[in-house]
Amino acid sequence: MGGTRRVARGRNVDVRVSRGTAGAVADGGFKIALAVGYLVGAVPLGRLLGTPVWLMAVAGVVLLIGGGVELAYTGSRSMRLYTRLMIGYDSGWVLAALAGLLVAWRGGGAGGEVWMGYQVVAQAAFAGVLIAGGSSRRGPG
């Protein structure tokens with residue numbers, strides 16, 4: 001476990017951040033950065049992926065909100081829940097990317113839509129589980 005020192009009301013306070021917490025914060029932050037990229041580059045990315053601009057924009061908004069939800073609930077949900085959600089989401093992300101590549105490789109035009117559609121649905125579900133309650137944080141796990 002890493003730790004940092006900060007001053008709170010004239011006293012030194014030892015702040016410890018677990019690897020799990022750091023990973024959850026990084027995951028939420030990455031999704032926010034990705035969302036900004038999708039929103040700013042919706043037209044050229046949509047063209048590159050063969051995806052409608054509206055889907056790129058929806059994916060950007062959902063990832064922006066979902067990443068914010070992840071950051072907001074980091075301290076109040078168990079890291080076990082976060083870890084399971086991140087593994088599930090990222091595994092599905094890889095599978096959706098591979099499915100999209102396969103569709104494109106076989107000459108279909110919906111490969112980008114498969115990949116972007118997955119991100120919309122899966123991130124909404126991820127955030128929904130966190131908002132609905134999941135496990136509250138109790139101790140280290």
May I have the list of side-chain donor-acceptor pairs in residues 27-45 shorter than 3.5 Å, sequence neighbours left out?
| from | atom 1 | to | atom 2 | distance (Å) |
| --- | --- | --- | --- | --- |
| D27 | OD2 | K31 | NZ | 3.1 |
| K31 | NZ | E70 | OE2 | 2.8 |
| K31 | NZ | Q123 | OE1 | 2.9 |
| Y38 | OH | Q119 | OE1 | 2.9 |
| Y38 | OH | Q119 | NE2 | 3.3 |

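How far CE of M79 is from CG of L85: 10.0 Å, rounded to the nearest 0.5 Å.
A single hydrophobic cluster is not seen to contain both V121 and V62; linkage of ILVMFWY side chains at heavy-atom distances under 4.5 Å, directly or through other members, places them apart. Under the 4.5 Å side-chain heavy-atom criterion for grouping Ile, Leu, Val, Met, Phe, Trp and Tyr, L55 is not connected to V103 through any hydrophobic cluster.
Pairs of residues two or more places apart, or lying in two chains, never qualify as side-chain hydrogen bond (donor to acceptor under 3.5 Å, both in side chains) while including a residue from residues 49-59. Evaluation of the ring pair (Phe, Tyr, Trp, His ring centres under 6.0 Å) test over residues 107-130, restricted to residues two or more places apart or in two chains, returns Y89-Y118, W93-W115. Among residue pairs with one or both ends in residues 93-108, none qualify as salt bridge (Lys or Arg N to Asp or Glu O under 4.0 Å); sequence neighbours excluded. Residue pairs satisfying the salt bridge (Lys or Arg N to Asp or Glu O under 4.0 Å) criterion with at least one member in residues 109-132, sequence neighbours excluded, are absent.
Considering all non-hydrogen atoms of both residues, V114 and A99 come closest at CG1-CB, 4.3 Å. Residue G66 comes nearest to A127 through the heavy atom pair CA-CB, 4.1 Å, listed as atom of the first residue, atom of the second, then distance.
Here the side chain of Y82 pairs a donor or acceptor atom with the backbone of T74 at under 3.5 angstrom.
M56 places a side-chain heavy atom less than 4.5 Å from the side chain of L49. L81 is listed as a side-chain neighbour of L130, based on a closest heavy-atom distance under 4.5 Å.
As a member of the Ile/Leu/Val/Met/Phe/Trp/Tyr network built from side-chain separations under 4.5 Å, W105 groups with L102.
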